[in-house]
Amino acid sequence: MSDIRTDWTLHEVATIYHSPILELVYKAASVHRRYHAIGEVQVNTLLSIKTGGCPEDCAYCPQAARYHTDVDAHKLLDVDTVLASAREARDNGSTRFCMGAAWRKVKDNAEFDRVIDMVKGVNGLGMEVCCTLGMLSADQAARLKEAGLTAYNHNLDTSEEFYSEIITTRTYGDRLETLGNVRQAGISVCSGGIIGLGEDDTDRIGMLHTLATLPQHPESVPVNALVAVKGTPLENQERVTVWEMVRMVATARILMPKAMVRLSAGRLEMPIVEQAFCFLAGANSIFAGEKLLTTPNPAVDQDKAMFELLGLFPREAFKGQPVDA
Ligand code: SAM
Ligand code: DTB
Ligand code: SF4
């Protein structure tokens, strides 16, 4: 039977997720080496192109206008500022540049036109380009594709059952609809979630099941550990353990063998030995650079030292894609 399956049952996902940790990691590492170059890690840089003031109520998010957090809100950056930042990221070894906006959804206005110019500009630097801008219509997805967008990030965040405990201003169905629009436009899908929101194992299993039973697996699956930010409703959540991260990463790797599994928010607090365990369990992508969107991330030099220590090497841009894709 092929490893690439979109018909996983919830029971199968739960069985994998709950298997003894060393067994789980061994299996995930075996799948990983069948589909990926061992030691190869994709290096991405994030930039918040529009920060704060978001009308949504995502309980984890420092950028929601209704919570009192310390973020430096700013309007949409200009194209030159963004391109300067992308160039710097490229010079520091990143091959994918991901631009995030604190929007509920994309509107067809001059700001979207500006984002289109940013996408064209970053693409012109020879980097893969990703956006995360909230909900997207089919037409908007087609425009982004036309401009040269490689991937679109839109996370499911948690299970359908737990979703309304975290976000009330949109539904799981809204999220899936945008993912469908992205897929239909021929853009790579980047979708994953956050652990540490107060969900239980069944929610983590449910989210992984939803991702792994989409008509086509996402090309990237970010696994975020909650960064508990002061002023958000989740400010007092306890930090997740490495065992929980490893279980998520390994299960995602087994269910979606070809996906890039991204060790996302929460890396700053993880010692190298913990990150190494995640790489062994099938993680093969990180966000580099000292800031995620609004919160701190390990410094570039620190990550370079980690790559050297662990024998990791950066994945080249557009690997495995036809030149005109
Ligand atoms: N507004 C758009 C949206 O919600 O899709 C794009 C930006 S939003 C900040 C992108 C993702 O960042 C969220 O879906 C969530 O998974 C992640 N995120 C936001 N705040 C986080 C936090 N405090 N800890 C971990 N991940 C977080
Ligand atoms: C994703 O899954 N994680 C990134 C990216 N996609 C957009 C964002 C993490 C944000 C962490 C909180 C912050 O820095 O504001
Ligand atoms: Fe807004 Fe996105 Fe933050 Fe939710 S996660 S509040 S939609 S920026």
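Order of appearance sets the numbers: ligands from 1, and atoms from 1 within every ligand.
Counting heavy atoms under 4.0 Å from ligand 1, residue Ala101 touches it through the backbone alone. Contacts with ligand 1 closer than 4.0 Å are made by no heavy atom of Pro222, backbone or side chain. Under 4.0 angstrom from ligand 2, the non-hydrogen atoms of Leu46 all belong to its side chain. Residue contacts with ligand 1, taken as heavy atom pairs separated by less than 4.0 Å, do not involve Leu234 at all. Heavy atoms of Arg170 found under 4.0 angstrom from ligand 3 belong exclusively to the side chain. Only the side chain of Ile194 comes within contact range of ligand 1, with a heavy atom under 4.0 Å; no backbone atom does.
Each of the atoms 13 (C), 14 (O), 15 (O) of ligand 2 lies under 4.0 Å from some heavy atom of Thr294. Close approach of ligand 1 to Ala265 is summarised as follows: ligand atoms under 4.0 Å from at least one heavy atom of the residue are 25 (C). Less than 4.0 angstrom separates some heavy atom of Leu293 from each of these atoms of ligand 1: 9 (C). Of all atoms in ligand 2, listed by their number and element, those nearer than 4.0 Å to a heavy atom of Thr132 are 7 (C). Listed by atom number, the atoms of ligand 1 under 4.0 Å from Ala225 heavy atoms are 25 (C). Counting atoms of ligand 2 from 1 in the listed order, those under 4.0 Å from a heavy atom of Asn153 are 6 (N), 7 (C). Shown in contact with Tyr60 at under 4.0 Å from a heavy atom are these atoms of ligand 3, numbered in order with element: 5 (S). The distance from ligand 3 to the heavy atoms of Ala102 drops below 4.0 Å at these ligand atoms: 8 (S). Applying the 4.0 Å criterion to heavy atoms of Pro222 picks out, from ligand 2, the atoms 2 (O). The Asn155 neighbourhood of ligand 2 comprises atoms 1 (C), 2 (O), with distances under 4.0 Å to a heavy atom of that residue.
With hydrogens left out, the protein atom closest to atom 4 (Fe) of ligand 3 is Cys58 SG, 2.3 Å, a heavy atom. Of the protein's non-hydrogen atoms, Thr295 OG1, 3.6 Å is the one closest to atom 12 (C) of ligand 2. The protein atom (non-hydrogen) at minimum distance from atom 5 (C) of ligand 2 is Phe287 CZ, 3.7 Å. At the top of the distance list for atom 16 (O) of ligand 1, counting protein heavy atoms only, stands Asp157 OD1, 2.7 Å. The protein atom (non-hydrogen) at minimum distance from atom 21 (C) of ligand 1 is Tyr60 CD1, 3.7 Å. Counting protein heavy atoms only, atom 11 (C) of ligand 1 is closest to Asn155 ND2, 3.8 Å.
Counting only distance, with no hydrogens or angles, the side chain of Asn155 and the backbone of Gly192 share a donor-acceptor pair below 3.5 Å. With hydrogens and angles ignored, the 3.5 Å screen pairs a side-chain donor or acceptor of Glu128 with a backbone N or O of Phe318. Under a 3.5 Å cut-off, the side chain of Gln275 and the backbone N or O of Met270 do form a donor-acceptor pair. Using a distance-only test at 3.5 Å, with no hydrogens or angles considered, a donor-acceptor pair links the side chain of Asn123 to the main chain of Gly148. Of the possible polar contacts, none joining the Lys120 side chain to the Val122 backbone as a donor-acceptor pair under 3.5 Å is found. Using a distance-only test at 3.5 Å, with no hydrogens or angles considered, a donor-acceptor pair links the side chain of Ser264 to the main chain of Arg262. At distances below 3.5 Å, at least one donor-acceptor pair connects side-chain atoms of Tyr67 with backbone N or O atoms of Asp57.
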* Asked: Could you walk me through whether Arg315 and Arg96 pass the side chain to side chain contact (heavy atoms under 4.5 Å, CB included) check?
  -> CA-CA 10 Å; Arg315 177 184 167 102; Arg96 178 175 284 197; over 6 Å; no
* Show your working on salt bridge (charged side-chain N to carboxylate O under 4.0 Å, His left out) between Asp303 and Arg267 and close with a plain yes or no. => CA-CA 10 Å; Asp303 280 337; Arg267 236 168 27 83; 2.8 Å; yes
* To do: Could you check Asp80 against Arg87 for salt bridge (charged side-chain N to carboxylate O under 4.0 Å, His left out), going step by step and ending with a plain yes or no?
  => CA-CA 10 Å; Asp80 289 346; Arg87 229 173 267 121; over 6 Å; no
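The aromatic rings of His154 and Tyr152 are tilted relative to each other, their planes meeting at an angle between 30° and 60°.
Summarising the geometry, atom CZ belonging to Arg204 is positioned 10.0 Å from atom CZ belonging to Arg247; distances are rounded to the nearest 0.5 Å. Once rounded to the nearest 0.5 Å, the distance linking CD of Glu12 with CD1 of Ile205 reads 13.0 Å. The distance from the CE atom of Met256 to the OG atom of Ser220 is 11.0 Å, given to the nearest 0.5 Å.
Among the atoms of Cys61, an N, O or S atom falls under 2.8 Å from atom 3 (Fe) of ligand 3. Among the backbone and side-chain atoms of Cys54, an N/O/S atom is found under 2.8 Å from atom 1 (Fe) of ligand 3.
With 3.5 Å as the limit, one finds no donor-acceptor pair spanning the side chains of Ser137 and Asp139. Counting only N and O atoms by type, the side chains of Glu56 and Thr169 include a donor and acceptor under 3.5 Å apart.
No more than 12 heavy atoms of other residues, nucleotides or ligands sit less than 6.0 Å from atom OH of Tyr26.
By heavy-atom distance, the residue among Thr158, Val227, Thr295 lying nearest atom 24 (N) of ligand 1 is Val227. Considering each of Thr132, Thr69, Val223, the one bringing a non-hydrogen atom nearest atom 6 (C) of ligand 1 is Thr132.
Under the 4.0 angstrom criterion for non-hydrogen atoms, Gly134 is in contact with ligand 1. Under a 4.0 angstrom heavy-atom cut-off, Arg175 registers as being in contact with ligand 1.
The existence of a salt bridge linking Glu40 and Lys319 is confirmed by a sub-4.0 Å separation between a basic side-chain nitrogen and an acidic carboxylate oxygen. Under 4.0 Å is where a charged nitrogen must lie from a carboxylate oxygen, and between Arg183 and Glu219 at least one such pair does.
Per-atom contact check: atom 8 (S) of ligand 1 does not touch the protein, criterion being a heavy-atom distance below 4.0 Å. Within the 4.0 angstrom cut-off, atom 2 (Fe) of ligand 3 has no protein heavy-atom neighbours.
Some N or O of Asn224 is nearer than 3.5 Å to an N or O of ligand 2, by distance alone. In terms of polar-atom proximity, Gln63 is not counted as a contact of ligand 1, lacking any N or O under 3.5 Å from an N or O of the ligand. In terms of N/O distances under 3.5 Å, ligand 1 is approached by Trp103. The shortest N or O to N or O distance between Leu293 and ligand 2 is below 3.5 Å.
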